[in-house]
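A, B, ... follow the sequence lines: proteins, then strands. Residue 1 opens every chain.
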2 protein chains.
Amino acid sequence: MSETISEAPAFRPLYVQVRDTLLKRLISGSWTPGMMLPSEFQLAKELGVSQGTVRKALDAMTAEHLLLRRQGRGTFVALPEEGRILFKFFRMVADGGERLFPLSQIVGRGRSKASAADCARLALPAKAEVWWIDRIRQLGGKPVIFERIRLPVSRFPQLGDMADIPNNVYALYSEEFGITIGKAEEKLKAALVDEAAASHLGCEAGRPVLIIERVAMALDDTPIEHRLSTCLTDECHYQAEL
Amino acid sequence: MSETISEAPAFRPLYVQVRDTLLKRLISGSWTPGMMLPSEFQLAKELGVSQGTVRKALDAMTAEHLLLRRQGRGTFVALPEEGRILFKFFRMVADGGERLFPLSQIVGRGRSKASAADCARLALPAKAEVWWIDRIRQLGGKPVIFERIRLPVSRFPQLGDMADIPNNVYALYSEEFGITIGKAEEKLKAALVDEAAASHLGCEAGRPVLIIERVAMALDDTPIEHRLSTCLTDECHYQAEL
DNA sequence: CAGTGGTCTAGACCACATA
DNA sequence: ATGTGGTCTAGACCACTGG
């Protein structure tokens, strides 16, 4: 009879190990966005595996939008601006179907003690501090989204010194703080607009709004950003494919 | 200078052709849900390609949840009941995090002339007819969703004869009408509950609700079902990963 | 042209399920 | 023990890009 020790699965395919190795280079920043990777053959030689195995790892990472491969050119670390990748993180669309990138206007910033809920969502110790950023976003020329972003001060130490916050904050996280957002989770509810949002969006009280709560994760799955968006959906909608 | 004729890409990799061949068998119904496919080697021999090429086609279809592969057992046509596949088509989740399959109660059925909007959404000719089904769905013991489904009569000729409609309509489409839903598109808005939904959900007027409009497509991308869901989101939410 | 990724093949061996 | 899918390799050739 074999031992009844509860063993870990413990079988990790080679290409998964290769993927992890390459992912570490992205996380550590030794490969930075836009950079071209060594060719499949070079990586295979360096890691002591076959080219097919490297390819399988690269293909998996490409499917996650971490890399970008172009036949004849090479394999590149994905940029946070890369058009369709930002689709991934912005699902509000004008009813007409136009794909617009919403402009933002910062209406408030600050630093405060994280609430218990924030600590839980961002996996922070008690008494941690967070930056908060309030902004309004426009879709069809009208302000339709009011959102409040919270970021752990520990991860973004110099954020308070920055004169202004760009429209594309994920590019900011990447370029200024070396943090790449890999995925996010969103929860949607309908509610009546609250006072703060109503005043910023210039709408009357009692309007129904779409509330989107997002937690965005870094490549190593650490929660990085919490974002609460309040959206007027008269002329736009949240679009999903399944 | 070369000609400026806009040429079709025209290069179709072998594994894409294999995928198309296999997909046709699913669409035509010669392979039915739950059925085990021939092994990779048998398919390779039959189609005159290598096993690796067949594998690539099967992997692609598995990624689309059309097939299910289990090591040591075989490759199977996905069943519409297959737990996680229905995740794909049901994103409303109780706030606690419990994954529940919502019970349904039919509150009305009928046949009527399709509106112009219905014809557009379902790609039907003018004056086409549709079945409509109204039902209420429960999540935490409480009715939280009122939905109206519209289906083209031309695709579901005998639907009127059926005594009742099961909870899982996608299984019904598959088993009784040979139509497999492959994907869907959803658009979400917030609104105030209308009279019909309020009376069915037993809530007061003026409540904010999440409106989900879905168009579901068959394997060949033909639109099959239009569904308008009205959801109370006090104790549940719509969940998305990106 | 050389260098890159993309496809395809053939074969070996491993992990898993079932009988 | 057998048959399935899963991994890994090695090598050939195709398609695309840029100098």
Side-chain angles (χ1 to χ4, degrees), chain A residues 2-3 5-22 31 34-79 82 84, chain B residues 1-22 31 34-79 82 84:
Chain A
S2 67
E3 309 220 23
I5 295 173
S6 75
E7 320 203 12
F11 173 65
R12 293 179 68 74
L14 242 192
Y15 74 88
V16 173
Q17 299 175 42
V18 170
R19 197 200 93 103
D20 288 349
T21 301
L22 301 185
W31 283 347
M35 182 180 285
M36 180 176 168
L37 269 60
S39 76
E40 295 178 350
F41 275 107
Q42 285 176 288
L43 286 171
K45 188 179 169 191
E46 178 194 342
L47 301 173
V49 300
S50 80
Q51 182 233 12
T53 300
V54 169
R55 167 178 294 277
K56 202 162 177 182
L58 294 175
D59 283 347
M61 296 173 78
T62 302
E64 298 172 74
H65 304 287
L66 299 177
L67 301 177
L68 194 77
R69 316 191 73 186
R70 278 190 283 174
Q71 185 172 136
R73 295 210 46 195
T75 302
F76 302 84
V77 182
L79 291 167
E82 224 78 57
R84 303 192 178 169
Chain B
M1 183 189 288
S2 67
E3 309 218 23
T4 55
I5 294 173
S6 75
E7 319 201 14
F11 172 66
R12 293 181 69 73
L14 241 192
Y15 75 88
V16 173
Q17 298 174 43
V18 170
R19 196 199 94 103
D20 288 348
T21 301
L22 302 185
W31 284 346
M35 182 180 286
M36 179 176 169
L37 269 58
S39 76
E40 295 178 351
F41 275 107
Q42 286 175 289
L43 285 172
K45 189 178 168 191
E46 178 194 342
L47 300 173
V49 300
S50 79
Q51 183 233 12
T53 300
V54 169
R55 167 178 291 275
K56 203 162 176 181
L58 293 176
D59 283 346
M61 296 172 78
T62 302
E64 298 172 74
H65 303 288
L66 299 177
L67 301 178
L68 194 77
R69 316 192 75 187
R70 277 191 282 174
Q71 187 171 144
R73 294 209 45 196
T75 303
F76 304 83
V77 181
L79 291 168
E82 224 77 58
R84 303 193 179 170

Side chain of [X], heavy atoms from C-beta onward: which of [options] has the nearest atom to it?
X        : options                  : result
Arg73(B) : dC8(D), dG6(D), dA17(C)  : dA17(C)
Gln42(A) : dG6(D), dT4(C), dC8(D)   : dT4(C)
Ser39(B) : dT4(D), dC16(C), dC16(D) : dT4(D)
Met36(A) : dT4(C), dT7(D), dT7(C)   : dT4(C)
Glu40(A) : dG6(D), dG5(C), dC8(D)   : dG5(C)
Val49(A) : dT9(D), dT7(C), dT7(D)   : dT9(D)

For [N], does either OP1 or OP2 sit under 4.0 Å from a side-chain N or O belonging to [X]?
X        : N      : value
Thr53(A) : dT9(D) : yes
Arg69(B) : dT4(D) : no
Tyr15(B) : dT7(C) : yes
Thr75(B) : dG5(D) : yes

Below 4.5 Å, heavy atoms only, C-beta onward: do [X] and [Y] meet side chain to side chain?
X        : Y        : value
Arg69(B) : Arg55(B) : yes
Leu58(A) : Leu37(A) : yes
Trp31(A) : Leu22(A) : yes
Val18(A) : Leu43(A) : no

Glu40(B) side chain vs Val54(B) backbone, donor-acceptor pair below 3.5 Å: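 Such a contact is absent between Glu40(B) side chain and Val54(B) backbone.
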Sugar-phosphate, base or nothing in reach of Phe41(B), heavy atoms under 4.0 Å: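 Phe41(B): no heavy atom of the nucleic acid under 4.0 Å.
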Sugar-phosphate, base or nothing in reach of Arg55(B), heavy atoms under 4.0 Å: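 Here Arg55(B) touches the bases of the nucleic acid.
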Euclidean distance, atom [atom1] of residue [X] to atom [atom2] of [N] [Å, nearest integer]:
X        : N       : atom1 : atom2 : result
Arg70(A) : dG6(C)  : CZ    : P     : 12 Å
Leu47(B) : dT9(C)  : CG    : C1'   : 15 Å
Lys45(B) : dT9(C)  : NZ    : P     : 16 Å
Asp59(B) : dC8(D)  : CG    : P     : 14 Å
Gln51(A) : dT7(D)  : CD    : C1'   : 15 Å
Phe11(A) : dC14(C) : CZ    : P     : 10 Å
Gln71(A) : dC16(D) : CD    : C1'   : 5 Å
Lys56(B) : dG5(C)  : NZ    : C1'   : 11 Å

Residue mapping more 5' on DNA chain D - nearest nucleotide basis, Gly72(A) or Gly48(A):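 Closest to the 5' end, via its nearest nucleotide, is Gly48(A).
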Nearest-0.5 Å distance that lies between atom OG1 in Thr75(A) and atom CG in Leu68(A):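 So the gap between those two atoms works out to 8.5 Å.
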